[in-house]
Amino acid sequence: MESVFSQQVYKIVKAIPKGKVMTYGQIALLLGVPRASQQVGWVLHWIPEEYQAPCQRVVNRFGGLAAGYGWGGQLAHRAELLADGVEVREDFTVELEKYQWHPTEAEIALLELPIEALERLNQKLAFSKERLNPAKRKKSKS
DNA sequence: ATATTGACCAGTT
DNA sequence: TAACTGGCCAATA
């Protein structure tokens, strides 16, 4: 809870603008720990109330809402996102292309994070996109 | 004190 | 294609 990692997560989550979302992996990457996405989920699960962090603005890499979101699960998560003005699909996902937050250099600096973090992020995003697209490609002949 | 789990992700097989 | 593996690390058991 009081670990540096947690503190950093709180800070980033609080910086997410209303109407935008970030993914667990994106946050982990910003912190320079590319594979700590699950840990980000834990941190958010146990986030102290006094931080008042908008954890509804964090979704998984597919834009999916958290099943274990507090006591209300996805329903609660969806309600808070709707209050943010974020559209939620029937399958409890949001459109990342439309709602994902891409911090600018200035915003990264404001969070006291290294600028390399942003570069890593951009590279990774491009990579993820490439990985996701093939799945949607029509399967041509066999 | 060790072992397992989990709001996850990406690389490999 | 899908399934498996390793990694992250706080909280539980």
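Quick note on labels: first sequence line is chain A, next is B, and so on, each numbered from 1.
One can place CD of A:Gln7 at 15 Å from P of C:dC9, the figure rounded to the nearest angstrom. The interatomic distance linking A:Leu31 (CG) with C:dA10 (C1') rounds to 15 Å, in whole Å. The CG-P distance, from A:Leu81 to B:dA7, rounds to 18 Å in whole Å. B:dA7 atom P lies 12 Å from atom CG of A:Leu44, rounded to whole Å. Distance CD1 (A:Ile16) to C1' (B:dA7): 13 Å, rounded to an integer number of Å. Distance, A:Phe92 CZ to B:dA7 C1': 15 Å, rounded to whole Å. In this structure, CD of A:Gln26 is placed 16 Å from C1' of B:dA10, rounded to the nearest angstrom.
A 4.5 Å side-chain heavy-atom check between A:Ile27 and A:Thr23 finds every atom pair outside the cut-off.
Side-chain atoms of A:Tyr69 stay outside donor-acceptor range of the base of B:dA7, with no qualifying N/O pair under 3.5 Å.
A:Tyr69 and A:Glu80 are linked by a side-chain donor-acceptor pair at a separation below 3.5 angstrom, with hydrogens and angles left out of the test.
Remark: side-chain polar atoms of A:Gln8 are not paired, donor with acceptor, to backbone N or O of A:Phe5 under 3.5 angstrom. A donor-acceptor distance shorter than 3.5 angstrom exists from the side chain of A:His77 to the backbone of A:Gln56, with no hydrogens or angles considered.
Taking the C1' atoms as reference points, C:dC4 lies 22 Å from B:dA7, given to the whole Å.
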Taking N or O atoms only and anything under 3.5 Å, show me the protein contacts with nucleotides 6-8 of chain C, one pair per line.
| residue | atom | partner | partner atom | Å |
| --- | --- | --- | --- | --- |
| C:dG7 | N2 | A:Arg35 | O | 3.0 |

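Summarising the geometry of A:Ala117 relative to A:Leu30, their closest heavy-atom pair is CB-O, 3.4 Å, with the distance given to 0.1 Å.
Distances from the side chain of A:Cys55 to the nucleotides B:dA7, C:dT12, B:dC9 place B:dA7 closest.
No more than 12 heavy atoms of other residues, nucleotides or ligands sit less than 6.0 Å from atom CD of A:Glu90.
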